[in-house]
Amino acid sequence: MSLEEALVGPVEEVAPRLLGALLSHGGVALRVTEVEAYAGPTDPGSHAYRGPTPRNQVMFGPPAHLYCYFTYGMHVCANVVCGPEGTPSAVLLRAGQVVAGVDDARMRRDGAADRDLARGPARLCSALGLTLAHNGASLTTGEVRLTLADVAAGAVATGPRVGLRGAPERPWRFWLAGDPTVSAYRPAKRLSRPAKG
DNA sequence: CTACCGATATTCT
DNA sequence: GAATATCGGTAGA
């Protein structure tokens with residue numbers, strides 16, 4: 001089965017298929033250990049919930065491409081666009097275990113501990129060297145590659161997505177149970193404080 | 001381990 | 001102006 005075929009379907013079914021997959025770029029390869037699913041118009045947590053914008057247009061394109069976006073003023077996060085084309089759904093790559101190019105990853109991550117190299121979506125991009133320049137990049141024909149792998153059915157755990165306050169009840173976060181590279185729990189950001197003076 | 005806080009661009013109101 | 005798919009540093013249990 002081709003990668004494109006594996007990525008077409010309900011995003012909450014596609015997302016766990018990415019666990020265990022190998023993602024490589026810039027001399028670093030990692031095994032995906034944690035993902036989150038984001039659907040289109042029906043999912044308030046998705047960037048595509050309110051329709052296309054310059055930022056999310058890649059989500060509306062063909063599957064097996066990267067959707068990279070800039071967030072919180074300083075971080076890049078990467079998603080795998082899922083199909084079919086025209087249906088905006090994507091899977092956020094939240095964490096991975098570096099399995100090749102560990103020295104390169106450590107350099108990019110300023111000497112972080114091995115298990116922290118890609119423990120979080122922005123850290124994962126940093127470890128791999130992914131930037132906004134990779135937004136829309138193919139995962140089958142370019143320098144960023146994704147190869148699926150089978151994982152035992154019982155190894156997958158699910159729970160609520162991280163960092164969302166709008167759609168907390170969809171348990172669309174998937175990770176490999178017990179893996180030390182899965183990102184730590186963080187509560188949704190507190191309510192805003194008054195403007196500073 | 002949990003919790004709080006600041007930095008800071010893009011998007012929406 | 002306010003919210004946001006975050007992270008690193010610091011504080012406390």
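Since the structure is predicted, the reported quantities are computational estimates derived from the model, not experimental observations. Each chain gets a letter, A, B and so on, in the order the sequences are listed, and its residues count up from 1.
- Taking only side-chain atoms of A/Tyr67, from C-beta outward, the nucleotide of C/dA5, C/dC7, B/dC12 with the closest atom is C/dA5.
- For C/dA5 and B/dT13, the P atoms lie 14 Å apart once the distance is rounded to whole Å.
- Listed candidates were B/dT11, C/dT6, C/dA5. Nearest to the side chain of A/Pro54 is B/dT11.
- Across the protein-nucleic acid pair, A/Tyr49 atom OH and B/dT13 atom P stand 11 Å apart, rounded to whole Å.
- Between A/Arg173 and C/dA5 there is no side-chain N or O to OP1 or OP2 distance below 4.0 Å.
- When both pairing distances are held under 3.5 Å, C/dA5 makes no Watson-Crick or G-U pair with any nucleotide shown.
- Not a single donor-acceptor pair, N or O on each side, falls under 3.5 Å between the base of C/dG8 and the side chain of A/Arg119.
- Between the CZ atom of A/Arg108 and the P atom of C/dC7 there is a distance of 17 Å, given to the nearest Å.
- The A/Arg94 side chain lies nearest to C/dT6 when the options are C/dT6, B/dA7, B/dT13.
- If you measure from atom CD of A/Glu36 to atom C1' of C/dT6, you get 12 Å, rounded to the nearest angstrom.
- Under 4.0 angstrom from either OP1 or OP2 of C/dG8 there lies at least one side-chain N or O belonging to A/Arg123.
- Looking only at distances, no side-chain donor or acceptor of A/Arg109 sits under 3.5 Å from a matching main-chain atom of A/Ala127.
- In this structure, CG of A/Asn56 is placed 9 Å from P of B/dT11, rounded to the nearest angstrom.
- Comparing C/dG8, B/dC12, C/dA5 by their closest approach to the side chain of A/Arg186 singles out C/dG8.
- Nucleotide C/dA5 holds its P atom 18 Å from the CZ atom of A/Phe174, rounded to whole Å.
- Taking every side-chain heavy atom of A/Leu92 into account, C/dA5 is the closest of C/dG8, B/dC12, C/dA5.
- Rounded to whole Å, the distance from CD on A/Glu34 to C1' on C/dA5 is 11 Å.
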For ring pair (Phe, Tyr, Trp, His ring centres under 6.0 Å), just list the numbers for A/His47 and A/Tyr69, CA-CA rounded to whole Å, side-chain angles, deciding distance to a tenth of an Å, and then say yes or no. CA-CA 10 Å; A/His47 284 170; A/Tyr69 69 93; 4.6 Å; yes
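- Defined by atom type and a distance below 3.5 Å, a donor-acceptor pair is missing between the side-chain atoms of A/Thr87 and A/Ser89.
- For the pair A/His47 and C/dA5, the criterion of a side-chain N or O lying under 4.0 Å from OP1 or OP2 is met.
- Centre separation under 5.5 Å together with a plane angle under 30° does not hold for the ring of A/Tyr69 and the six-membered base ring of C/dA5, so they are not marked as stacked.
- Between A/Phe70 atom CZ and C/dC7 atom P there is a gap of 13 Å when expressed in whole angstrom units.
- Using a 4.0 Å cut-off, no side-chain N or O of A/Arg55 falls inside it from OP1 or OP2 of B/dA9.
- As rounded to whole Å, 13 Å separates atom C1' of C/dA2 from atom CZ of A/Arg50.
- No donor-acceptor pair under 3.5 Å is formed between the side chain of A/Asp43 and the backbone N or O of A/Tyr38.
- Within the cation-pi definition used here (under 6.0 Å to the ring centroid, within 45° of the axis), A/Arg17 does not qualify as a partner of A/Phe174.
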